[in-house]
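Here is the structure we will look at, set down as C-alpha coordinates.
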Amino acid sequence: MPELPEVETVRRGLERLVLGRTILSVEVKVPKMVKTSYQSFLNELPSQRIQAMRRRGKYLIFDFGQLIMISHLRMEGKYLLFTDQVPTNKHFHLFFKLDDGFTLVYQDVRKFGTFDLLSKNQEEAYFTKKKLGPEPTKKAFKYASFERALMRSDKPIKPLLLDQKLVAGLGNIYVDEVLWAAKVHPETPARELSKAAMKRVHDQTITILQLGIEKGGSTIRTYRNALGEDGTMQDYLRVYGKTGQPCPRCASTIEKIKLGGRGTHLCPHCQKR
DNA sequence: TTTACTGTTGCAGT
DNA sequence: AACTGCAACAGTAA
(Lines give C-alpha, C1' and ligand atoms only; values in the text may rest on other atoms or scores of the structure.)
Protein backbone atom coordinates (compact mmCIF):
# COMPACT_ATOMS: atom_id res chain seq x y z
CA MET A 1 0.00 0.00 0.00
CA PRO A 2 1.93 2.66 1.45
CA GLU A 3 3.50 6.01 1.06
CA LEU A 4 2.86 8.48 3.82
CA PRO A 5 -0.75 9.36 2.89
CA GLU A 6 -1.74 5.71 2.70
CA VAL A 7 -0.08 4.92 6.03
CA GLU A 8 -1.79 7.92 7.62
CA THR A 9 -5.12 6.69 6.25
CA VAL A 10 -4.52 3.27 7.78
CA ARG A 11 -3.55 4.93 11.05
CA ARG A 12 -6.82 6.84 11.13
CA GLY A 13 -8.79 3.69 10.34
CA LEU A 14 -7.07 1.79 13.13
CA GLU A 15 -7.55 4.68 15.51
CA ARG A 16 -11.28 4.55 14.85
CA LEU A 17 -11.57 0.77 15.06
CA VAL A 18 -9.06 -0.60 17.58
CA LEU A 19 -8.12 2.25 19.88
CA GLY A 20 -8.55 1.19 23.50
CA ARG A 21 -8.67 -2.51 22.62
CA THR A 22 -6.49 -5.01 24.44
CA ILE A 23 -4.64 -7.74 22.58
CA LEU A 24 -5.65 -11.15 23.92
CA SER A 25 -3.39 -13.29 21.75
CA VAL A 26 -1.00 -13.11 18.81
CA GLU A 27 -0.34 -15.61 16.06
CA VAL A 28 2.59 -15.16 13.69
CA LYS A 29 2.88 -17.31 10.57
CA VAL A 30 6.08 -15.68 9.30
CA PRO A 31 8.47 -15.15 12.23
CA LYS A 32 11.12 -13.48 10.05
CA MET A 33 8.91 -10.42 9.70
CA VAL A 34 9.44 -9.77 13.41
CA LYS A 35 12.78 -7.96 13.61
CA THR A 36 13.09 -7.77 17.38
CA SER A 37 13.08 -10.79 19.72
CA TYR A 38 10.44 -13.23 18.50
CA GLN A 39 9.95 -14.71 21.96
CA SER A 40 9.38 -11.27 23.47
CA PHE A 41 6.95 -10.44 20.68
CA LEU A 42 4.82 -13.49 21.47
CA ASN A 43 5.19 -13.21 25.23
CA GLU A 44 4.68 -9.50 25.74
CA LEU A 45 1.97 -8.47 23.26
CA PRO A 46 -0.90 -10.32 24.94
CA SER A 47 -2.44 -8.05 27.60
CA GLN A 48 -1.18 -4.90 25.88
CA ARG A 49 -3.80 -2.19 25.39
CA ILE A 50 -3.67 0.06 22.33
CA GLN A 51 -3.51 3.49 23.92
CA ALA A 52 -2.71 5.45 20.77
CA MET A 53 -2.17 4.92 17.05
CA ARG A 54 0.66 7.05 15.78
CA ARG A 55 2.71 7.42 12.63
CA ARG A 56 6.23 8.62 11.81
CA GLY A 57 6.98 8.87 8.09
CA LYS A 58 5.76 5.59 6.62
CA TYR A 59 6.01 3.78 9.97
CA LEU A 60 2.85 2.89 11.88
CA ILE A 61 3.17 2.93 15.65
CA PHE A 62 0.91 0.99 17.99
CA ASP A 63 1.41 2.75 21.31
CA PHE A 64 0.83 0.57 24.35
CA GLY A 65 2.13 3.08 26.86
CA GLN A 66 5.34 1.48 28.02
CA LEU A 67 5.82 -0.63 24.87
CA ILE A 68 5.36 0.30 21.22
CA MET A 69 5.02 -1.86 18.12
CA ILE A 70 6.39 -0.30 14.96
CA SER A 71 4.83 -1.74 11.81
CA HIS A 72 6.14 -1.00 8.31
CA LEU A 73 3.92 -2.05 5.43
CA ARG A 74 6.69 -1.90 2.81
CA MET A 75 5.24 -2.58 -0.63
CA GLU A 76 1.98 -4.39 0.01
CA GLY A 77 1.22 -4.65 3.71
CA LYS A 78 -2.42 -4.23 4.71
CA TYR A 79 -4.52 -4.41 7.85
CA LEU A 80 -7.93 -6.02 7.89
CA LEU A 81 -10.40 -6.44 10.71
CA PHE A 82 -12.69 -9.44 11.05
CA THR A 83 -15.41 -10.30 13.46
CA ASP A 84 -16.13 -13.96 14.17
CA GLN A 85 -14.52 -16.23 11.62
CA VAL A 86 -11.30 -15.16 9.91
CA PRO A 87 -11.22 -16.52 6.36
CA THR A 88 -8.30 -18.67 5.29
CA ASN A 89 -5.82 -16.78 3.15
CA LYS A 90 -2.21 -17.69 2.40
CA HIS A 91 -1.19 -14.04 2.64
CA PHE A 92 -2.50 -13.48 6.17
CA HIS A 93 0.64 -13.54 8.29
CA LEU A 94 -0.15 -12.04 11.70
CA PHE A 95 -3.33 -12.30 13.75
CA PHE A 96 -4.07 -10.13 16.76
CA LYS A 97 -7.13 -11.26 18.72
CA LEU A 98 -8.75 -8.33 20.48
CA ASP A 99 -10.91 -8.11 23.58
CA ASP A 100 -14.01 -7.05 21.61
CA GLY A 101 -14.06 -10.30 19.64
CA PHE A 102 -12.49 -8.83 16.52
CA THR A 103 -9.28 -10.09 14.99
CA LEU A 104 -6.84 -7.66 13.44
CA VAL A 105 -5.06 -9.35 10.53
CA TYR A 106 -1.88 -8.29 8.79
CA GLN A 107 -1.83 -9.28 5.12
CA ASP A 108 1.26 -8.99 2.93
CA VAL A 109 1.63 -10.83 -0.37
CA ARG A 110 5.36 -10.24 -0.59
CA LYS A 111 6.18 -10.63 3.12
CA PHE A 112 8.36 -7.50 3.05
CA GLY A 113 6.64 -5.89 6.01
CA THR A 114 8.41 -5.58 9.35
CA PHE A 115 7.45 -5.50 13.01
CA ASP A 116 9.52 -4.15 15.89
CA LEU A 117 8.44 -4.34 19.51
CA LEU A 118 10.32 -1.77 21.56
CA SER A 119 10.04 0.03 24.81
CA LYS A 120 8.93 3.59 24.20
CA ASN A 121 12.21 5.03 25.37
CA GLN A 122 13.91 3.29 22.39
CA GLU A 123 11.68 4.98 19.83
CA GLU A 124 13.74 8.09 19.30
CA ALA A 125 16.95 6.11 18.81
CA TYR A 126 15.14 3.80 16.38
CA PHE A 127 14.33 6.64 13.99
CA THR A 128 17.59 8.45 14.61
CA LYS A 129 19.52 5.36 13.59
CA LYS A 130 17.58 5.25 10.34
CA LYS A 131 18.32 8.95 9.84
CA LEU A 132 14.65 9.50 9.16
CA GLY A 133 14.00 13.06 8.02
CA PRO A 134 11.33 15.48 9.27
CA GLU A 135 7.61 15.02 8.73
CA PRO A 136 6.49 16.83 5.55
CA THR A 137 4.75 19.65 7.37
CA LYS A 138 5.43 23.37 7.36
CA LYS A 139 6.36 23.17 10.99
CA ALA A 140 8.86 20.30 10.84
CA PHE A 141 10.19 20.50 7.26
CA LYS A 142 12.30 23.63 7.18
CA TYR A 143 13.21 25.03 3.80
CA ALA A 144 16.58 26.43 4.89
CA SER A 145 18.04 23.09 5.94
CA PHE A 146 16.51 21.36 2.90
CA GLU A 147 18.23 23.87 0.62
CA ARG A 148 21.56 23.40 2.39
CA ALA A 149 21.29 19.62 1.96
CA LEU A 150 20.45 19.90 -1.74
CA MET A 151 23.41 22.18 -2.34
CA ARG A 152 25.70 19.55 -0.83
CA SER A 153 24.56 16.69 -3.09
CA ASP A 154 25.25 15.68 -6.66
CA LYS A 155 22.67 12.92 -6.53
CA PRO A 156 19.72 13.11 -8.90
CA ILE A 157 16.89 14.81 -7.06
CA LYS A 158 14.44 11.91 -7.25
CA PRO A 159 16.50 9.23 -5.47
CA LEU A 160 17.56 11.87 -2.98
CA LEU A 161 13.94 12.55 -2.10
CA LEU A 162 13.17 8.84 -1.95
CA ASP A 163 15.74 7.95 0.69
CA GLN A 164 13.72 9.52 3.53
CA LYS A 165 16.65 11.40 5.03
CA LEU A 166 15.78 14.91 3.88
CA VAL A 167 12.05 14.47 4.34
CA ALA A 168 10.00 11.47 5.45
CA GLY A 169 7.10 10.06 3.51
CA LEU A 170 7.68 10.36 -0.23
CA GLY A 171 7.54 7.16 -2.27
CA ASN A 172 7.62 6.39 -5.93
CA ILE A 173 4.15 7.75 -6.75
CA TYR A 174 4.20 11.00 -4.83
CA VAL A 175 7.78 11.87 -5.73
CA ASP A 176 6.92 11.79 -9.43
CA GLU A 177 3.90 13.98 -8.71
CA VAL A 178 5.97 16.45 -6.68
CA LEU A 179 8.64 16.78 -9.35
CA TRP A 180 6.05 17.26 -12.07
CA ALA A 181 4.28 19.93 -10.01
CA ALA A 182 7.62 21.62 -9.31
CA LYS A 183 8.66 21.40 -13.00
CA VAL A 184 11.88 19.64 -12.10
CA HIS A 185 13.46 16.80 -14.10
CA PRO A 186 13.97 13.81 -11.76
CA GLU A 187 17.55 13.27 -12.97
CA THR A 188 18.68 16.81 -12.17
CA PRO A 189 21.65 16.74 -9.78
CA ALA A 190 20.36 18.31 -6.57
CA ARG A 191 22.93 21.10 -6.39
CA GLU A 192 22.12 22.22 -9.94
CA LEU A 193 18.54 23.12 -9.07
CA SER A 194 17.79 26.82 -8.96
CA LYS A 195 16.78 28.19 -5.56
CA ALA A 196 13.30 28.74 -6.95
CA ALA A 197 13.11 25.12 -8.05
CA MET A 198 14.29 23.92 -4.64
CA LYS A 199 11.57 25.99 -3.05
CA ARG A 200 8.94 24.53 -5.37
CA VAL A 201 10.06 20.98 -4.56
CA HIS A 202 9.88 21.75 -0.84
CA ASP A 203 6.46 23.36 -1.03
CA GLN A 204 4.96 20.77 -3.37
CA THR A 205 6.18 17.95 -1.12
CA ILE A 206 4.13 19.38 1.71
CA THR A 207 1.15 20.26 -0.46
CA ILE A 208 0.87 17.00 -2.36
CA LEU A 209 1.39 14.68 0.60
CA GLN A 210 -1.22 16.71 2.48
CA LEU A 211 -3.59 16.39 -0.48
CA GLY A 212 -2.94 12.65 -0.49
CA ILE A 213 -3.96 12.49 3.16
CA GLU A 214 -7.11 14.53 2.51
CA LYS A 215 -8.08 12.19 -0.31
CA GLY A 216 -7.52 9.13 1.86
CA GLY A 217 -4.50 7.94 -0.12
CA SER A 218 -4.52 6.27 -3.49
CA THR A 219 -5.37 2.73 -4.44
CA ILE A 220 -3.51 1.53 -7.49
CA ARG A 221 -3.70 -2.22 -7.44
CA THR A 222 -7.08 -2.58 -5.89
CA TYR A 223 -8.06 -4.78 -3.03
CA ARG A 224 -11.26 -4.63 -1.07
CA ASN A 225 -12.07 -4.37 2.63
CA ALA A 226 -8.57 -3.57 3.82
CA LEU A 227 -8.26 -0.59 6.13
CA GLY A 228 -7.45 2.58 4.27
CA GLU A 229 -8.10 1.38 0.76
CA ASP A 230 -11.04 3.55 -0.15
CA GLY A 231 -8.97 6.61 -1.02
CA THR A 232 -9.46 8.69 -4.15
CA MET A 233 -6.00 10.22 -4.59
CA GLN A 234 -5.52 8.13 -7.74
CA ASP A 235 -8.01 10.49 -9.40
CA TYR A 236 -5.67 13.40 -8.75
CA LEU A 237 -2.44 11.90 -10.04
CA ARG A 238 -1.00 13.84 -12.97
CA VAL A 239 1.94 11.76 -14.20
CA TYR A 240 2.26 8.51 -12.24
CA GLY A 241 0.95 5.71 -14.42
CA LYS A 242 0.09 8.17 -17.19
CA THR A 243 2.71 7.02 -19.68
CA GLY A 244 1.66 7.97 -23.21
CA GLN A 245 -1.08 10.31 -22.04
CA PRO A 246 -1.03 14.09 -22.49
CA CYS A 247 0.54 16.26 -19.80
CA PRO A 248 -2.30 18.10 -17.98
CA ARG A 249 -0.26 21.32 -18.24
CA CYS A 250 1.15 21.34 -21.77
CA ALA A 251 -0.32 18.26 -23.50
CA SER A 252 3.11 16.81 -24.30
CA THR A 253 3.21 13.03 -24.03
CA ILE A 254 4.14 11.72 -20.56
CA GLU A 255 7.28 9.57 -20.68
CA LYS A 256 8.44 6.76 -18.46
CA ILE A 257 12.14 6.27 -17.78
CA LYS A 258 14.15 4.19 -15.33
CA LEU A 259 15.99 6.04 -12.59
CA GLY A 260 17.77 4.43 -9.68
CA GLY A 261 15.93 1.23 -10.51
CA ARG A 262 12.51 2.83 -10.23
CA GLY A 263 9.96 3.52 -12.91
CA THR A 264 9.85 7.30 -13.30
CA HIS A 265 7.12 9.33 -15.00
CA LEU A 266 7.67 12.82 -16.34
CA CYS A 267 6.68 15.41 -18.86
CA PRO A 268 9.63 16.00 -21.20
CA HIS A 269 8.45 19.54 -21.95
CA CYS A 270 7.61 20.79 -18.45
CA GLN A 271 10.50 19.04 -16.73
CA LYS A 272 13.77 19.97 -18.45
CA ARG A 273 17.11 19.00 -16.98
C1' DT B 1 7.99 -20.15 -20.73
C1' DT B 2 10.88 -16.48 -19.57
C1' DT B 3 11.50 -11.80 -18.22
C1' DA B 4 10.40 -7.47 -16.46
C1' DC B 5 7.83 -4.97 -13.47
C1' DT B 6 5.57 -3.64 -8.93
C1' DG B 7 3.11 2.05 -3.55
C1' DT B 8 10.20 -0.13 0.16
C1' DT B 9 14.13 -0.56 2.58
C1' DG B 10 18.64 -2.35 4.03
C1' DC B 11 22.80 -4.51 3.01
C1' DA B 12 26.96 -5.92 0.46
C1' DG B 13 29.85 -4.53 -2.66
C1' DT B 14 33.03 -0.72 -4.38
C1' DA C 1 31.35 8.18 3.81
C1' DA C 2 28.79 7.75 -0.14
C1' DC C 3 27.22 5.52 -3.90
C1' DT C 4 25.11 1.41 -6.78
C1' DG C 5 22.88 -2.72 -7.43
C1' DC C 6 20.39 -6.14 -5.60
C1' DA C 7 17.89 -9.11 -2.43
C1' DA C 8 13.91 -10.05 0.47
C1' DC C 9 8.97 -12.27 -1.98
C1' DA C 10 4.89 -13.23 -4.87
C1' DG C 11 1.97 -12.02 -8.43
C1' DT C 12 0.83 -10.09 -12.99
C1' DA C 13 1.55 -8.76 -17.66
C1' DA C 14 3.93 -8.91 -21.93
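In what follows, every heavy atom counts, from backbone to side chain, and hydrogens, waters and symmetry copies are set aside. Proteins get letters first, then strands, A, B, ... in listed order; numbering begins at 1 in each.
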Under 3.5 Å, side chain of Glu147(A) to main-chain N/O of Lys199(A), donor-acceptor pair present?
no
Convert the base pairs of DNA chain B into dot-bracket notation, remembering that pairs crossing earlier ones are written with [ ] and that bases paired across to another strand are shown as |; include only Watson-Crick or G-U pairs under 3.5 Å.
.|||||.|||||||
Are the side chain of Gln164(A) and the backbone N or O of Gly133(A) linked by a donor-acceptor pair below 3.5 Å?
no
Evaluate the ring planes of Tyr59(A) and Tyr126(A), with Trp represented by its six-membered ring, and classify them as parallel (under 30°), tilted (30 to 60°) or perpendicular (over 60°).
perpendicular
In this structure, how many angstroms lie between the P atom of dA2(C) and the NZ atom of Lys155(A), rounded?
10 Å
Check the orientation of Phe146(A) and Phe141(A). Use parallel for under 30°, tilted for 30 to 60°, and perpendicular for over 60°.
perpendicular
Grab the CG-P distance between Leu73(A) and dT8(B) for me, whole Å please.
11 Å
Partners passing side chain to side chain contact (heavy atoms under 4.5 Å, CB included) against Pro87(A) (at least two apart in sequence or in another chain)
Phe82(A), Phe92(A)
Contacts under 3.5 Å, N or O only, protein and nucleotides 10-14 of chain C:
residue : atom : partner   : partner atom : Å
dA10(C) : OP1  : Lys111(A) : NZ           : 2.4
dA10(C) : O4'  : Val109(A) : O            : 3.4
dG11(C) : OP1  : Lys90(A)  : NZ           : 3.1
dG11(C) : OP1  : His91(A)  : NE2          : 3.0

A quick test of your reading: do over 12 heavy atoms of other residues, nucleotides or ligands sit less than 6.0 Å from NZ of Lys97(A)?
no
P atoms of dG10(B) and dG11(C), separation to the nearest Å:
24 Å
His93(A) NE2 - dA8(C) C1' separation (whole Å)
13 Å
Using atom CE of Met75(A) as one end and atom P of dA7(C) as the other, report the distance to the nearest whole Å.
15 Å
Nearest-Å distance for atom pair CE/C1', residues Met33(A) and dA7(C):
16 Å
Per-nucleotide protein contact string for nucleotides 9-14 of chain B (B base, S sugar-phosphate only, - none; heavy atom under 4.0 Å):
BS----
Could you list all N or O pairs between the protein and nucleotides 2-5 of chain B that sit under 3.5 Å apart?
none

Could you check whether the rings of Phe115(A) and Phe41(A) sit parallel, tilted or perpendicular, using 30° and 60° as the cut-offs?
perpendicular
Taking atom CD of Gln51(A) as the centre, report whether more than 12 heavy atoms of other residues, nucleotides or ligands fall under 6.0 Å from it.
yes
Should Met69(A) and Val28(A) be regarded as members of a common hydrophobic cluster, given that ILVMFWY residues are connected when their side-chain heavy atoms come within less than 4.5 Å of each other, either directly or indirectly?
yes
Expected output: side-chain Asn172(A) to main-chain Gly263(A) donor-acceptor under 3.5 Å
yes
Lys195(A) atom NZ, neighbour heavy-atom count above 12 within 6.0 Å
no
Any chance the rings of Phe62(A) and Tyr106(A) have centres within less than 6.0 Å?
no
Send over the distance from Ile173(A) CD1 to dT6(B) P, rounded to a whole Å.
11 Å
Take the protein atom CG of Asp154(A) and the nucleotide atom P of dA2(C), then report the distance between them rounded to whole Å.
12 Å
Between Leu166(A) (CG) and dA2(C) (C1'), how many Å, whole number?
14 Å
Would you confirm whether Ser37(A), through its side chain, and Ser40(A), through its main-chain N or O, come within 3.5 Å as a donor-acceptor pair?
yes
Sort and list the pairs that fulfil side chain to side chain donor-acceptor pair (under 3.5 Å) and have at least one residue in residues 242-253 of chain A, not counting sequence neighbours.
none
Can you tell me, in whole Å, how much space there is between the C1' of dC6(C) and that of dA4(B)?
15 Å
